[in-house]
Number of protein chains: 2
Amino acid sequence: MEIVKYLSKIPLFEGLPEDQLIDLSKITVTLDLGKGQVIFSEGDEGRGFYVVLQGRVKIYKLSPDGKEQTLHIFGSGEPFGEVPVFAGKHFPANAEALEKSKVLFFPRISLIRLIEKNPSLAMNMLAILARRLRQFTVQIEHLSLKEVPGRLAAYLLYLSDRENGSQEVRLDITKGQLASLLGTIPETLSRIFAKMSKQGIIEIMGPNIKILSRTALEELVEYGGGL
Amino acid sequence: MEIVKYLSKIPLFEGLPEDQLIDLSKITVTLDLGKGQVIFSEGDEGRGFYVVLQGRVKIYKLSPDGKEQTLHIFGSGEPFGEVPVFAGKHFPANAEALEKSKVLFFPRISLIRLIEKNPSLAMNMLAILARRLRQFTVQIEHLSLKEVPGRLAAYLLYLSDRENGSQEVRLDITKGQLASLLGTIPETLSRIFAKMSKQGIIEIMGPNIKILSRTALEELVEYGGGL
DNA sequence: TATATGCTTTGATTTAAGTCAAATTTCGTC
DNA sequence: GACGAAATTTGACTTAAATCAAAGCATATA
């Protein structure tokens, strides 16, 4: 079966024996989503969690006046919506497909049953949640302790590191989406990009960015200000 | 043994059979901490996690220039520092006793062994981590989408709700600590308190605050601004 | 190719909140 | 109860970033 092969590649289920993967595959539902399609909304009952197969999914919060704060953007292989499975009740945020996507859905009940039979699955899940907690810690730090240029610099360095230190990175989300992820608005982000570019720290070619001075970016993260 | 009785009251270990609690008690180390004493620092290797027995413990991040963002304040019965146990390596933040405190330490290795033997413990930990993730979601939302008055209003309502809607709440942390928890500085917080007081929304008597208009607070959370 | 739609940039202005400095209150301890 | 240290408040000032408005680009689709 196709699904089993997919499952075995998802970090969450790494190291599970084949028979358990088959068990898992039996409880999953595959969802096909169009661009912009809402997967769940804040306050919805959490009946289970999801894993991205193809495409990208955005998790975000809305303020009453419609301003958006992106919490995460998940790509292929990443699980989301696990919180209510264990914490109970409802989703604390919204989820929406950024592009045409496929996601797997794992119903809560079946999953809990599976975990009870299967401690190592629980360990994997613990690791995932702990890692996510760590990401949030960083995000909170950035939002409260750093100005926007510092946050952007940190993000660019993160992208670069992800491609083992490449000088050139590509934004795989729109600049508007990046603004929301950094806790700001497109105008502000655009101005900061312009300033960084003028100072010769980066070079912008559409969604491709060449890092001209890694040091300058690191200083922005470290000491902020002064752009 | 004393410790076993303590352990049985900690949500994390709820529902564990007595013999497992005894096992647990054997691997714990009790730490006595003075006020202001550092428990671990960002970057330290995570050798295990902690549970507060008495007192209060603050988890926080520091910016290079010394500004502090409090992530959590944990009281009696609450676990902290679990992230590196499952996510690996080092602590992502600092921990310090806010007052004279007692905490239990659970070494990583023993703990993992225990969890592997013991699925229900894993389920409890999953629930705890999931709840914490949810709290962070809210905190990020607040930091990015709401102005300080809205965050303060939300905090006051939270305190009030915790004492089933009481009109009078008591800050169990200093206003400086509250400022850090809300992602701001004491001066700003003080001004906002003054404004709210002038507008008859609250009445301040030292650390005791009387909520005069719950509605006004709710509006601040909802629509922000206008103080 | 033309046109509409959505992204991005730029400019002018406003504003919330941070900084620096100093006065004042509160608190712990001798 | 009195002293010194710490926490809190107040004031004047600065600043980063949001808002509002409009123009410029792309991109995809008819």
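Source: prediction; values computed, not measured.
Ranking dT10(C), dT8(D), dT8(C) by closeness to the Lys175(A) side chain, first place goes to dT8(C). Closest to the side chain of Arg191(B), out of dC20(D), dT19(C), dA7(D), is dT19(C). Listed nucleotides: dT9(D), dT10(C), dA16(C). Nearest to the side chain of Glu187(A): dT10(C). Of the candidate nucleotides dT19(C), dT8(C), dA17(C), dT19(C) has the atom lying nearest to any side-chain atom of Ile185(B). Among dA17(C), dA18(D), dG11(C), the nucleotide with an atom closest to any side-chain atom of Thr188(B) is dA17(C).
Atom-to-atom, CG of Asn208(A) to P of dA26(D) comes out at 14 Å; the value is rounded to the nearest Å. In this structure, the CD atom of Gln177(A) is 14 Å from the P atom of dG6(C), given to the nearest Å. At whole-Å resolution of the value, NZ in Lys146(B) and P in dA17(C) are 13 Å apart.
Pairing each heavy atom of Leu212(A) with each of Gly200(A), the nearest pair is CB-O, 3.3 Å. Across every non-hydrogen atom of Ser166(B) and Ile211(B), the tightest pair is O-CD1, 4.5 Å.
Atom CD1 of residue Ile201(B) and atom CD1 of residue Ile209(B) lie 12.5 Å apart, to the nearest 0.5 angstrom.
Ring centers of Phe40(A) and Tyr50(A): under 6.0 Å apart, within the cut-off.
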